[in-house]
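Structure first, then comments.
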Amino acid sequence: MTYVVTENCIRCKYMDCVEVCPVDCFYEGEAMLAINPDECIDCGVCEPECPAEAILPDTEAGIDFWRELNATYAPQWPNITRKGVPPADADERNGEAGKYEKYFSPAPGAGDAGRRA
């Protein structure tokens, strides 16, 4: 089992999960985060930290699409180990339906390099 970032992270990207991950397996896309399934140790500490409730175990029903998305994009996006600033409209987007179709982007995010002072 591994954990998977799902649709509600899109345009919320709160990043509280990143702060608690003991193995730094989060990767940042322009619109959402992804968990690298080859690095996740299945500890589960990230799941309750997500304000958007967007992190689920990959054993949940109907999670196949998101498992594949995480596995595809985590190796392409930069690693993130520190919490950044979520999008200004994150609270408005939390719980919005159809976010993948509206907002998903395969583009990488800034990663930790974009957070250096």
Query raised in the report: Excluding sequence neighbours, so at least two apart, what forms side chain to side chain donor-acceptor pair (under 3.5 Å) with Tyr100?
Result: none

Requested in this report: Let me see the working for Thr2 and Asn70 under side-chain contact (heavy atoms from CB on, under 4.5 Å), right down to the final yes or no.
Outcome: CA-CA 11 Å; Thr2 187; Asn70 279 245; over 6 Å; no

Query raised in the report: Does CD belonging to Glu19 count more than 12 external heavy atoms closer than 6.0 Å?
Result: yes

Query raised in the report: Could you give the distance from CD (Glu28) to CE (Met15), rounded to the nearest 0.5 Å?
Result: 5.5 Å

Query - Straight-line distance of Asn79 CG to Cys21 SG, nearest 0.5 Å - result: 8.5 Å

Requested in this report: Begin from the C-alpha positions of Arg67 and Glu60 and carry the test side-chain contact (heavy atoms from CB on, under 4.5 Å) through to its verdict.
Outcome: CA-CA 10 Å; Arg67 182 186 312 115; Glu60 293 279 321; over 6 Å; no

Report summary line: Looking only at heavy atoms, the pair that brings Lys99 and Cys12 closest together is NZ-SG, 3.3 Å

Requested in this report: Answer yes if the side chains of Thr81 and Asp112 hold a donor-acceptor pair under 3.5 Å, and no otherwise.
Outcome: yes

Report task. Test Ile55 against every option in Asp16, Val4, Ile35 by the side-chain contact (heavy atoms from CB on, under 4.5 Å) rule and name the one that passes. Result -> Ile35

Query raised in the report: Which heavy atom in Pro48 sits nearest to a heavy atom in Gly44, and how many Å separate them?
Result: CD-O, 3.2 Å

Query - Distance in Å, Trp66 CH2 paired with Thr6 OG1, rounded so as to fall on 0.5 Å steps - result: 7.0 Å

Query raised in the report: CD of Glu53: more than 12 outside heavy atoms within 6.0 angstrom?
Result: no

**Report entry** Backbone N/O of Thr72 and side chain of Gln76: donor-acceptor pair under 3.5 Å
**Finding:** yes

Requested in this report: Heavy atoms only: give me the nearest Asn36-Tyr27 pair and the separation to one decimal.
Outcome: CB-CE1, 3.6 Å

**Report entry** Close side-chain approach of Met32 to Tyr73, heavy-atom, < 4.5 Å
**Finding:** no

Query raised in the report: So Cys17 and Tyr3, side-chain contact (heavy atoms from CB on, under 4.5 Å) or not? Walk me through it.
Result: CA-CA 11 Å; Cys17 53; Tyr3 284 82; over 6 Å; no

**Report entry** Asn94: side chain to side chain donor-acceptor pair (under 3.5 Å) partners, not counting sequence neighbours
**Finding:** Asn8

Report task. Drop me the distance from Glu30's CD to Trp77's CH2, to the nearest 0.5 angstrom. Result -> 9.5 Å

Requested in this report: Working to the nearest 0.5 Å, report the span between CG of Leu56 and CD1 of Ile63.
Outcome: 4.5 Å

Query raised in the report: What is the minimum heavy-atom distance between Pro87 and Arg11, and which atoms define it?
Result: CG-O, 3.8 Å

Report task. Indicate, with yes or no, if Val23 and Val20 share a hydrophobic cluster defined by side-chain heavy-atom contacts under 4.5 Å among Ile, Leu, Val, Met, Phe, Trp and Tyr. Result -> no

Query - Contact check, side chains of Asp58 and Pro37, non-hydrogen atoms, under 4.5 Å - result: no

Report task. Show your working on side-chain contact (heavy atoms from CB on, under 4.5 Å) between Glu96 and Lys102 and close with a plain yes or no. Result -> CA-CA 10 Å; Glu96 181 179 337; Lys102 293 178 199 175; 2.8 Å; yes

